[in-house]
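Remember, it's 1-based here, ligands and their atoms both numbered in the order they're listed.
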Amino acid sequence: MPPPPGRGLLWLGLVLGSVCAALQSAAQASSATDALNVLLIVVDDLRPSLGCYGDKLVRSPNIDQLASHSLVFQNAFAQQAVCAPSRVSFLTGRRPDTTRLYDFNSYWRVHAGNFSTIPQYFKENGYVTMSVGKVFHPGISSNHSDDSPYSWSFPPYHPSSEKYENTKTCRGEDGELHANLLCPVDVADVPEGTLPDKQSTEQAIRLLEKMKMSASPFFLAVGYHKPHIPFRYPKEFQKLYPLENITLAPDPQVPDGLPPVAYNPWMDIRQREDIQALNISVPYGPVPVDFQRKIRQSYFASVSYLDTQVGRLLSALDDLQLASSTITVLTSDHGRQAMDLVELVSLFPTLAGLAGLRVPPRCPRPSFHVELCREGRNLLKYFRFYDLEEDPYFHSNPRELIAYSQYPRPADSPQWNSDKPTLKDIKVMGYSIRTIDYRYTVWVGFNPDEFLANFSDIHAGELYFVGSDPLQDHNMYNDSQGGELPRSLMP
Ligand SMILES: *[C@@H]1O[C@H](CO)[C@@H](O)[C@H](O)[C@H]1NC(C)=O
Ligand SMILES: *[C@@H]1O[C@H](CO)[C@@H](O)[C@H](O)[C@H]1NC(C)=O
Ligand SMILES: *[C@@H]1O[C@H](CO)[C@@H](O)[C@H](O)[C@H]1NC(C)=O
Ligand SMILES: *[C@@H]1O[C@H](CO)[C@@H](O)[C@H](O)[C@H]1NC(C)=O
């Protein structure tokens, strides 16, 4: 498949990640005389295992309640299913090929371009902007400062108990403390007697109380750690999910026809002590069935714990009578594929539009020299008075909608750094397009020095028709001779 000259680099993407996003617009959004506040809740690794996405097992009453009066996107896709690249992408409104961040190790302002962020844009428009918990990924990818001072009016808040997340605080069956994947805890027993997400909720509520008195509108971003691994959560949430009620994944096997480059050997999970003790062969060895159930139980329990934190935060917003003047957005950085095709990179223009700020113009290509522009779409029209039927855009052909994403690999077969290669080790880039009908991926050669993908150097391909194969278990790429369909799809 020859790439169209001069593009093809930015405009394909791998649908490994997808996200659930619920947006609540204040009723008077379109006629606001006073600026609306923004509450942006970013959840780490949340897939659509929520009641509002039809999950029958998971208890998520607070997020479901938010969803009941929100616009809920059923098919929202992250541009790269890794924390730092995904967050930098949606917070700047630029794709990973523009931020040039595929790992954790560079700061876009010096490495790619001096791109404005969503909070920075609100700050420059008179908002007080505040960050609590994990919003930007910590470390060099946000200049060790969560992009302060550009993005935030005050230094960001990080919960003091964050530092224990990956330490030996999980009581094992031997009675000793371990650094485990499964980590239900007695909160009274853990260091500092609290957990990071609880602390973040408390801090966020303190900030809301302060902002109640403020003359300026606020933009408050709250980043929660759960349900990211390890599953460290108050043990009472485990009781919501008796093991005998936990079903296994509907398709636990490695799919036939999956090219080895596409397989994720989940190396970060293997490092946990409880997983190591299982002696699972690398890379394809299956997790014992009993343990699969325990992993799912703890993921669901972590989601319910997260849900109670969201509930406390939204109750505080209500109690302070801020709810009707605040746009609430809940999103995740990545999760697993769900099935309205939108991209997280569209959050920036959409949120600016909802708040009544000027929507940044479309980016030229390339746009490394342009500080403020958008690569995603303005989804504002989805919101107008919630009357989708009246909206001409809503009736546009869903087959024209495409979500792009991408994922890097160091090699054609799974190896120790396949999940998270550093930039210099990237040899292959998977670019995917997801339409309402199918997911199509090409894994192509990539030169990390030049940031160039070579679309004549195809290493492997995937094609799944999601109507007949919703779990994407039957790769049809070879049957389609790999070429004909894709050519007709190129933007
Ligand atoms: C980057 O943008 C910020 C905010 O607009 C500005 O203060 C800074 O001077 C810019 N830096 C460069 C190197 O252009
Ligand atoms: C990154 O942080 C360092 C140390 O605080 C600071 O000197 C530098 O100017 C920051 N980089 C940018 C691009 O603002
Ligand atoms: C577990 O499943 C049983 C049988 O379907 C059901 O009656 C019970 O309510 C379930 N328990 C929980 C906590 O969901
Ligand atoms: C782990 O598994 C390998 C084979 O997969 C076996 O040779 C080895 O003895 C096992 N180790 C333990 C501690 O069970």
* Asked: At a non-hydrogen distance cut-off of under 4.0 Å, which region of Lys56 contacts ligand 3 (side chain, backbone, both, or neither)?
  -> neither
* To do: Flag the pair Tyr127 / Trp152 as yes when their ring centroid distance falls below 6.0 Å, and as no otherwise.
  => no
* To do: Show your reasoning for whether side chain to side chain contact (heavy atoms under 4.5 Å, CB included) applies to Thr326 and Thr328.
  => CA-CA 6 Å; Thr326 301; Thr328 301; 4.2 Å; yes
* **Evaluation steps, salt bridge (Lys or Arg N to Asp or Glu O under 4.0 Å), between Lys168 and Glu273** => CA-CA 9 Å; Lys168 296 186 187 237; Glu273 289 179 39; 3.1 Å; yes
* Does a donor on one side chain sit under 3.5 Å from an acceptor on the other, for Ser116 and Glu371? -> no
* With a 3.5 Å cut-off and no angle check, do the side chains of Tyr150 and Asn143 form a donor-acceptor pair? -> no
* Can you list the atoms of ligand 1 that are under 4.0 Å from a heavy atom of Gln120? -> 4 (C), 5 (O)
* Does Arg100 count as lying over the ring of Phe451, i.e. NZ or CZ under 6.0 Å from the six-ring centre, within 45 degrees of the axis? -> yes
* Considering distance alone, does some N or O of Asn245 sit under 3.5 Å from an N or O of ligand 3? -> yes
Can you give me every donor-acceptor pair (side chain of residues 227-243, partner residue at least two apart or in another chain, under 3.5 Å) with its distance?
unit_1	atom_1	unit_2	atom_2	d
Arg232	NE	Thr169	OG1	2.9
Arg232	NH1	Glu165	OE2	2.9
Tyr233	OH	Ser298	OG	2.8
Gln238	NE2	Gln297	OE1	3.4
Tyr241	OH	Arg59	N	2.8
Tyr241	OH	Ser304	OG	2.5

* Under 4.0 Å to a heavy atom of Arg59 - the qualifying atoms of ligand 3, by number -> 12 (C), 13 (C), 14 (O)
* Asked: With backbone taken as N, CA, C and O and side chain as the heavy atoms from C-beta onward, which portion of Leu240 lies under 4.0 Å from ligand 3: side chain, backbone, both, or neither?
  -> backbone
* Just checking, Arg94 and Phe115: is the charged tip under 6.0 Å from the six-membered ring centre and within 45° of the axis? -> yes
List ligand 2's nitrogen or oxygen atoms that come under 3.5 Å of a protein nitrogen or oxygen, with the partner atom and distance.
unit_1	atom_1	unit_2	atom_2	d
ligand 2	2 (O)	Asn143	OD1	3.3
ligand 2	2 (O)	Asn143	ND2	2.3
ligand 2	11 (N)	Asn143	ND2	3.0
ligand 2	14 (O)	Tyr150	OH	2.6

* Asked: In terms of atom number and element, which parts of ligand 3 are under 4.0 angstrom from non-hydrogen atoms of Pro242?
  -> 13 (C)
* Asked: Hey, which of Leu354, Ile41, Leu347, Thr350 is the one that makes side-chain contact (heavy atoms from CB on, under 4.5 Å) with Val329?
  -> Leu347
